[in-house]
Amino acid sequence: MKTLHYLALGTLAVTALLAACGGNDDDASDDDATPRASATARATRPAASATADNATATPEAAATATPEAPPPVNSAATPATAPPPPPQAPAPTSTPIPPPPPPPSVQPQSLRIVANRTTFAPTQLTASAASAITVTLDNQDAGVVHDIIIYTPAGAIAAQTAMFAGPAQQSATFTASGPGNHFFKCSLHPQQMTGSIAIS
């Protein structure tokens, strides 16, 4: 009886063991297959989803990352912001000042003084300043020596002739520096042979 009891227990144990092993293999296979499929599905779905998301996001990223190029700027065109050049003032025109007109031409002046009988004639003469004045002494006293000396208003000698006997003539030329009386005389007969030239 004990032996049968032990055999029955052993059979049950083996059966249970076999059932456990066989059932576990099938169940394990089923369970393992299912999770693997689930895992594969799960792995595939996110990848596909990620791919879809990437496919969706790629145009946006490309559109965002690649801005449209601005139209080319014509370098020859004048910028609208450039200020206009300032107006240029006309260059001053300078009118040259004409030179002063030349002074009126003054002809040389000639004065004639006659020496006769140890006197001068005329004794009063006139002339203009700033022009050459030529005084000619006409000695009409034959064999008598005369000369003429002309003085400035300050008393300096302006002109004179040499001493010479008549009849003969000699001349002396001077230019008056300004108006005034120019005294003249014969150096050999200074008391009676005198006169003056009024320069104006």
Side-chain angles (χ1 to χ4, degrees), residues 61-200:
T64 305
T66 307
E68 292 184 3
V73 178
N74 187 2
S75 60
T78 304
T81 57
Q88 295 182 351
T93 57
S94 58
T95 304
I97 300 174
S105 177
V106 179
Q107 298 296 326
Q109 302 171 81
S110 297
L111 303 177
R112 182 173 176 267
I113 299 172
V114 177
N116 188 8
R117 298 180 183 181
T118 316
T119 59
F120 282 146
T123 58
Q124 301 294 323
L125 297 97
T126 60
S128 299
S131 65
I133 302 170
T134 300
V135 177
T136 300
L137 175 60
D138 183 6
N139 183 2
Q140 296 180 359
D141 286 336
V144 179
V145 177
H146 296 299
D147 69 354
I148 188 168
I149 302 174
I150 303 165
Y151 297 89
T152 66
I157 295 176
Q160 66 182 19
T161 66
M163 297 177 185
F164 64 98
Q169 295 182 4
Q170 281 198 18
S171 298
T173 301
F174 70 99
T175 300
S177 58
N181 287 327
H182 287 61
F183 174 75
F184 63 86
K185 71 179 181 179
C186 172
S187 64
L188 299 172
H189 309 94
Q191 299 301 320
Q192 67 271 30
M193 297 182 73
T194 61
S196 66
I197 303 171
I199 308 295
S200 61

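Note that the structure is a prediction, hence the values are computed from the model and not measured.
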Can you name the closest pair of heavy atoms from Ser200 and Pro179 and give their distance?
CA-CB, 4.1 Å
Point-to-point distance, once rounded to the nearest 0.5 Å, from CD1 of Ile148 to CG of Leu111:
9.5 Å
Between the OG1 atom in Thr123 and the CZ atom in Phe184, the distance rounded to the nearest 0.5 Å is 6.5 Å
Any idea which heavy atoms bring Thr134 and Ser171 closest together, and the distance?
CG2-CB, 4.0 Å
With no hydrogens and no angle check, is any side-chain donor or acceptor of Asp147 less than 3.5 Å from a backbone partner on Ser187?
yes
Taking C-beta and beyond as the side chain, do Tyr151 and Lys185 meet within less than 4.5 Å on heavy atoms?
yes
For a 4.5 angstrom cut-off between non-hydrogen side-chain atoms, does Thr152 reach Phe174?
no
Say whether, by atom type as modelled, one donor and one acceptor occur between the side chain of Thr161 and the main chain of Ala172 under 3.5 angstrom.
no
First locate atom NE2 of His182, then atom CG of Leu125, and finally report the distance between them rounded to the nearest 0.5 Å.
12.5 Å
CA sep, side-chain torsions, deciding dist, call: Arg112, Asp138, side-chain contact (heavy atoms from CB on, under 4.5 Å):
CA-CA 7 Å; Arg112 182 173 176 267; Asp138 183 6; 2.4 Å; yes
His146 side, atom NE2; Thr119 side, atom OG1 - distance, nearest 0.5 Å:
8.5 Å
Checking side-chain polar atoms at under 3.5 Å, does Ser131 have a donor or acceptor matched by the opposite partner on Gln109?
yes
State the CD1-OG1 distance between Ile149 and Thr194, to the nearest 0.5 angstrom.
13.0 Å
Distance, nearest 0.5 Å, that separates CG of Leu137 from CD of Gln140
9.5 Å
For Val145, is there any backbone N or O sitting under 3.5 Å from a side-chain donor or acceptor partner on Asn139?
no
Does any part of the side chain of Val135, heavy atoms only, come nearer than 4.5 Å to the side chain of Ile197, both counted from C-beta?
yes
Looking at Ala162, is its backbone amide N or carbonyl O close enough to the side chain of Gln170 to form a donor-acceptor pair, meaning the two atoms are under 3.5 Å apart?
yes
Does one side chain, of Ser196 or Gln124, offer a donor that lies under 3.5 Å from an acceptor on the other?
yes
Any donor and acceptor pair, going by atom type alone, linking the side chain of Asp141 with main-chain N or O of Thr118 inside 3.5 Å?
yes
Least distance between heavy atoms, Ser128 atom then Ile199 atom:
C-CG2, 4.0 Å
